[in-house]
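One structure is given here, and the rest of the page talks about it.
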Amino acid sequence: MSIMCGIIGYAGKRNTADVLIGGLKKLEYRGYDSAGIALEKDGKINIYKNQGKVSMLEKNLADKDTANAETGIGHTRWATHGAPSDCNAHPHRRGRVVLVHNGIIENERELRAELAGEGIHPVSDTDTELIAILLDRYYTEEPLPAIRQTLARLKGSYALGILFEDRPGVLYATRKDSPLIIGRGEGENFIASDIPAILEYTHDYWLSEEGELAEVTEKGVAFYDFDGNRIEKELRTADWDEQSARKGGYPHFMAKEIAEQPRAVAETIGRCREQGVLFPELGADFSVAGAIRIVACGSAYHAGLLGKYIIEKLARIPVEVEIASEFRYANPILSKKDLVIVISQSGETADSLAALRLAKEQGIPNLGIVNVWGSSLAREADHVLYTAAGPEISVATTKAYTCQVVLLYLLALRLAENRLPAARRQELLGELETLPELIEKTLKNEQACKSLAQKLYQAEHLFFIGRGQDYALSCEGSLKLKEITYLHSEAYAAGELKHGTISLIEEGTPVIAVMTDRARIAKTAGNIREVHARGARILCITHSDVEISGFGDYRLDIPACSDFLAPFPGLILAQLLAYHVAVARGNDVDQPRNLAKSVTVE
């Protein structure tokens, strides 16, 4: 399952099917590939689901007897375990248990193998059905102990809406990492993964917290901890209109997606290892005897640039990063010992798919990094690694790009197995696991980015400079700024300035100097002094202990971290800066002119 699917649940006297379908429509912005509802009626639970849109589900329900159902759950699914299909759509049933699930179960393979050893074989390919199987196994007389026992077996993230066929009129909900709210109405109550699903009926809600269980009926809601103790919770009131609610209270989807990065990164890291093994799906013999060719477009290309530095540093495998639209027509010289890595958020980028197909035609091993399950890239690549960013609504990518970089870091550690001692690899993996917290700390620097945006938004030209990994960050920072602010911005390797580019520097020209790589800071500082002496205004993105007096006019400090993680806070600050410059200029941040989210033509 995906972390960005939609859940709706209802207990009350209204037409439950209508409430569920209406709620799912309001959650469509989250992205999905299938939809379904379960209705409790006359002591039985009926499930209706299909691959495709909610409108198709609604059409399929037209000739069904759904009246008088007073309890139900609904779901829109964005696939990660199992391709989009009617069978893999939610809700899932096992015995007396029916449930929907957002999140991802990281020990799915272990659980599946355990059940197979007992002769139990799920009908679907999902991780969610395994939860239903466990719940049905542990359920004897009381739901809450069965839920607690089941959750104790799960590793990963989840938001669950659960019905028990012999408990009519009651639905249960719990969560870990994936969002869930409980709505309070008059003679009716709700569960939902986001507020828009229930705003038509109520603005009052409770936030479901980790370690809690909610028991929901039309008469009320009871909260319990995992020991069965009753919990009192603060009731909240949403004062958003529907559009604001979809954005979770953020003014733009881009702001919301920037803020979602700690969770998206944690999900991406969590799903890439199993029992200490990184990417077990690649097989024990996965290795690269030749070179790596990373092929991508736009921000994915810039993710590849960062990937090059970390793979070459850790695994000592030569890496070339190429723009997909150039790769195909360059008649590339490839070897059967090489690995072609194609990166695409959507998995439908035309130039990237063409590059993949060229590699496959020549019999070159290939690997796709993609955010969308069942996409063309996911289906066609020899191997595929998924980011857990969830659907992005804003055209300018933020969380998907960051998750792509995270995957490349993890891949570098996997490829370095025969070079780095196990203890060192484990140490670096441990550092990566602290990345969500580091990003959280970086996001607290947003006000400084907002203030500096006021000094930049009227500029006509702007430059980013950096060396090594900081040049890769500069490329992405410059692209982000161009995409949503419409400012002319360019990124340059700092050492190249004196070879012609420095002639563009005039009095007052803003230059953003990225200095996260401590090994190159001294050299970069020399280049900064060169442009500062010619009148440039310098904004340094660097460590708090780096002295910039004499050449730096402004600074954005990254939180204390190792050199290994330093690029990540740098890229988050670049995203925030671009966002606030765009806001200051009054632009349509989420839908910048002339751009589309997925480029499906060459």
Side-chain angles (χ1 to χ4, degrees), residues 5-28 32-77 84-102 122-124 126 128-129 131-133 135-136 139 143 160-173 183 185-193 196-202 215-221:
C5 310
I7 283 177
I8 178 72
Y10 177 71
K13 298 297 187 184
R14 298 180 192 269
N15 185 308
T16 302
D18 289 348
V19 173
L20 298 180
I21 291 295
L24 293 181
K25 286 182 177 179
K26 293 180 176 66
L27 295 173
E28 286 184 300
Y32 68 104
D33 50 57
S34 57
I37 64 173
L39 300 174
E40 181 270 312
K41 179 180 177 181
D42 300 329
K44 294 183 179 180
I45 298 176
N46 296 311
I47 296 176
Y48 310 92
K49 58 183 182 177
N50 56 251
Q51 180 183 348
K53 298 296 183 182
V54 174
S55 58
M56 183 183 300
L57 175 64
E58 185 176 27
K59 182 178 179 181
N60 292 339
L61 288 172
D63 61 349
K64 304 293 191 302
D65 180 14
T66 61
N68 302 319
E70 295 183 355
T71 313
I73 50 177
H75 193 268
T76 50
R77 176 181 190 254
S85 68
D86 291 356
C87 180
N88 288 334
H90 291 210
H92 286 281
R93 179 201 298 271
R94 190 70 175 197
R96 297 166 291 174
V97 176
V98 176
L99 61 79
V100 292
H101 166 221
N102 290 355
V123 175
S124 73
T126 68
T128 301
E129 188 182 354
I131 306 174
I133 292 172
L135 261 176
D136 185 61
Y139 181 45
L160 299 173
I162 308 166
L163 298 175
F164 294 88
E165 199 157 43
D166 58 352
R167 297 275 172 165
V170 187
L171 66 92
Y172 298 86
E186 293 295 331
E188 59 187 358
N189 292 290
F190 308 80
I191 67 170
S193 46
I198 64 172
L199 273 184
E200 180 180 350
Y201 309 104
T202 181
E215 184 180 68
V216 182
T217 69
E218 68 177 68
K219 295 181 179 180
V221 178

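- Of the inter-residue distances, the one linking His101 atom NE2 with His75 atom NE2 reads 7.5 Å to the nearest 0.5 angstrom.
- The pair Lys13-Glu70 meets the salt-bridge criterion, since a charged nitrogen lies less than 4.0 angstrom from a carboxylate oxygen.
- If you take CG on Leu57 and CD1 on Ile37, they are separated by 5.5 Å, rounding to the nearest 0.5 Å.
- For the pair Val54/Ile21, a side-chain contact is recorded, criterion being any heavy-atom separation below 4.5 Å from C-beta on.
- Note that the CG atom of Asp136 and the CZ atom of Phe164 stand 9.0 Å from one another [nearest 0.5 Å].
- Although no hydrogens or angles enter the test, the distance criterion places a donor-acceptor pair under 3.5 Å between the side chain of Glu129 and the main chain of Ser124.
- Taking every heavy atom of both residues into account, Ile198 and Ala192 meet most closely at CG2-CB, 4.0 Å.
- Here the CD1 atom belonging to Ile131 is positioned 5.0 Å from the CG atom belonging to Leu160, to the nearest 0.5 angstrom.
- By the 4.5 Å heavy-atom criterion applied to side chains, Glu215 and Val170 are counted as neighbours.
- In this structure, Glu40 contributes its side chain and Gly169 its backbone to a donor-acceptor pair below 3.5 Å.
- Of all heavy-atom pairs between Pro122 and Ile133, the closest is CG-CD1, 3.9 Å.
- Contact detail for Tyr172 and Arg167: the closest heavy-atom pair is OH-CD, 4.3 Å.
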For this session: Determine, step by step, whether Lys49 and Asp86 satisfy the side-chain contact (heavy atoms from CB on, under 4.5 Å) criterion, reporting the C-alpha distance in whole Å, the side-chain angles of both residues, the deciding distance to 0.1 Å, and the verdict.
Result: CA-CA 6 Å; Lys49 58 183 182 177; Asp86 291 356; 5.7 Å; no

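- The CG atom of Asn189 sits 9.0 Å away from the OH atom of Tyr10 when rounded to the nearest 0.5 Å.
- Of all the heavy atoms in Ser193 and Leu27, the pair that sits closest is OG-CD1, 3.8 Å.
- Using a distance-only test at 3.5 Å, with no hydrogens or angles considered, a donor-acceptor pair links the side chain of Arg93 to the main chain of Ile45.
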Exercise. Passes side-chain contact (heavy atoms from CB on, under 4.5 Å), Val97 versus Ile162? Steps please.
Worked result: CA-CA 7 Å; Val97 176; Ile162 308 166; 4.2 Å; yes

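- Residue Lys59 places its NZ atom among 12 or fewer non-hydrogen atoms of other residues, nucleotides or ligands, all under 6.0 Å distant.
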Exercise. Under the side-chain contact (heavy atoms from CB on, under 4.5 Å) criterion, do Ile8 and Lys26 qualify, and how do the steps go?
Worked result: CA-CA 10 Å; Ile8 178 72; Lys26 293 180 176 66; over 6 Å; no

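- Taken to the nearest 0.5 Å, the CD atom of Gln51 stands 9.0 Å off from the CG atom of Asn88.
- Other residues, nucleotides and ligands contribute only 12 or fewer heavy atoms inside 6.0 Å of the CG atom of Asn68.
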Exercise. Could you go step by step and tell me if Leu20 and Leu39 meet the side-chain contact (heavy atoms from CB on, under 4.5 Å) rule?
Worked result: CA-CA 9 Å; Leu20 298 180; Leu39 300 174; 3.8 Å; yes

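- The only member of Thr71, Asp65, Thr66 that meets side chain to side chain contact (heavy atoms under 4.5 Å, CB included) when paired with Lys41 is Asp65.
- The minimum heavy-atom distance linking Leu24 with Gly6 is given by the pair CD2-O, 4.3 Å.
- Taking both residues in full, the closest heavy atoms of Leu171 and Gly72 are given as CD2-O, 3.9 Å, listed atom of the first, atom of the second, then distance.
- His90 contributes no side-chain N or O that, together with a main-chain N or O of Arg77, makes up a donor-acceptor pair within less than 3.5 Å.
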